[in-house]
Amino acid sequence: MRLPLTSRVWIPLQLFKLNFKIQQANMSTRIPQSFDYFLVLDFEATCDNKKKIEPQEIIEFPVLKVNAETYEVESVFHHFVKPRYHPTLTNFCMNLTSITQTEVDDGELFPVVLQEFDKWMKEDVGLGKQFLFITCGDWDLKTMLPSQCALENLQVPQYCKKWLNIKKSYAVMTGEYNKGMISMMRGLQLSHTGHLHRGFDDCLNIAIILRALANRGCKFLPTMSIS
Ligand code: AMP
Ligand code: MG
Ligand code: MG
């Protein structure tokens with residue numbers, strides 16, 4: 001598989017593989033899914049401490065293509081995005097996400113990244129395949145992507161209008177609605193890897209939760225769609 005470009009994200013990917021081996025021991029209750037791939041997505045965006053940045057803009061756009069039978073990551077889309085309206089990140093945002101000013105300065109503006117993503121969807125996933133986006137919460141695809149597209153006068157891609165919020169699968173499997181990724185991981189006795197609120201690391205951890213729920217016999221179906 002294609003590895004992410006920066007060496008910084010290489011270590012969590014190795015940990016992900018280690019975690020995968022541990023979980024393989026416990027996959028007897030898996031059931032067949034209705035999808036070929038799960039596309040784990042987690043945006044990061046401009047922010048400040050207790051203040052809203054308007055307009056809020058996406059700064060990291062990572063998606064993992066996870067095989068719905070093996071739960072292995074087969075391809076990675078990962079781009080940093082240069083914000084158009086507030087190009088200088090706040091210290092709060094850099095501390096929260098670990099994303100540096102240089103990473104966003106070296107990124108492309110959102111329309112270019114969305115175009116690259118569309119290319120990846122067509123070439124590395126295949127629009128004829130059965131896939132389901134997986135997010136942690138509804139903010140990414142219900143709020144952030146539509147507002148970012150509106151800001152740039154772009155249409156939200158049709159394939160990004162349906163997803164599964166992993167918190168709902170967790171609630172169904174455990175009977176508890178957990179607010180955050182860390183508490184879900186704790187509840188499933190999984191170890192968190194990487195930096196919380198760095199999009200790529202968040203995707204890896206969501207993929208670990210996805211696989212743990214699959215190992216407990218969870219069936220993944222869409223939990224929300226927009227028109
Ligand atoms: P997450 O996927 O939970 O890492 O968060 C996505 C985005 O939500 C971040 O990139 C921030 O823009 C915003 N966000 C998350 N947590 C906070 C926080 N404690 N304060 C301000 N903004 C936040
Ligand atoms: Mg998130
Ligand atoms: Mg995140």
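Keep in mind it's a predicted model, so treat the numbers as computed, not measured. One-based numbering, in listed order, for ligands and for the atoms of each.
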(Q) Yes or no: does Gln56 have any heavy atom under 4.0 Å from an atom of ligand 1? (A) yes
Considering only non-hydrogen protein atoms, determine which one is nearest to [atom] and report residue, atom name and distance to 0.1 Å.
atom	value
atom 12 (O) of ligand 1	Ala45 O, 2.8 Å
atom 4 (O) of ligand 1	His197 ND1, 2.6 Å
atom 10 (O) of ligand 1	Glu44 OE1, 2.6 Å

Aromatic ring centroids of Phe61 and Phe43 under 6.0 Å?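 Yes: the rings meet the under 6.0 Å criterion.
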Next on the checklist: Looking only at the aromatic ring of each residue, does the gap between the centers of Phe131 and Phe35 stay below 6.0 angstrom?
Outcome noted: no
Among Thr143, Ile58, Leu96, Ile206, closest by heavy atom to atom 19 (N) of ligand 1 is Leu96
Note: Asp202, heavy atoms under 4.0 Å from ligand 1, region reported as side chain
Checking heavy atoms under 4.0 Å, the part of Phe43 that sits near ligand 1 is backbone
One finds that the ligand 1 atoms under 4.0 Å from a non-hydrogen atom of Cys47 are 11 (C), 12 (O), 22 (N)
Taking only non-hydrogen atoms of Thr46 and a 4.0 Å limit, the atoms of ligand 1 in range are 12 (O)
Q) Of the options Ile59, Thr100, Ile99, Asp106, which is the one that meets Phe80 in a side chain to side chain contact (heavy atoms under 4.5 Å, CB included)? A)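 Only one option passes, and that is Ile99.
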Open item on the list: Can you check the angle at the Mg ion (ligand 3) formed by OE2 of Glu44 and OD2 of Asp42? Round it to the nearest 10°.
Closed with: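 My answer is 90°, to the nearest 10°.
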Any carboxylate oxygen within less than 4.0 angstrom of a Lys/Arg side-chain nitrogen, looking at Asp202 and Arg198?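 Answer for the salt bridge query: no.
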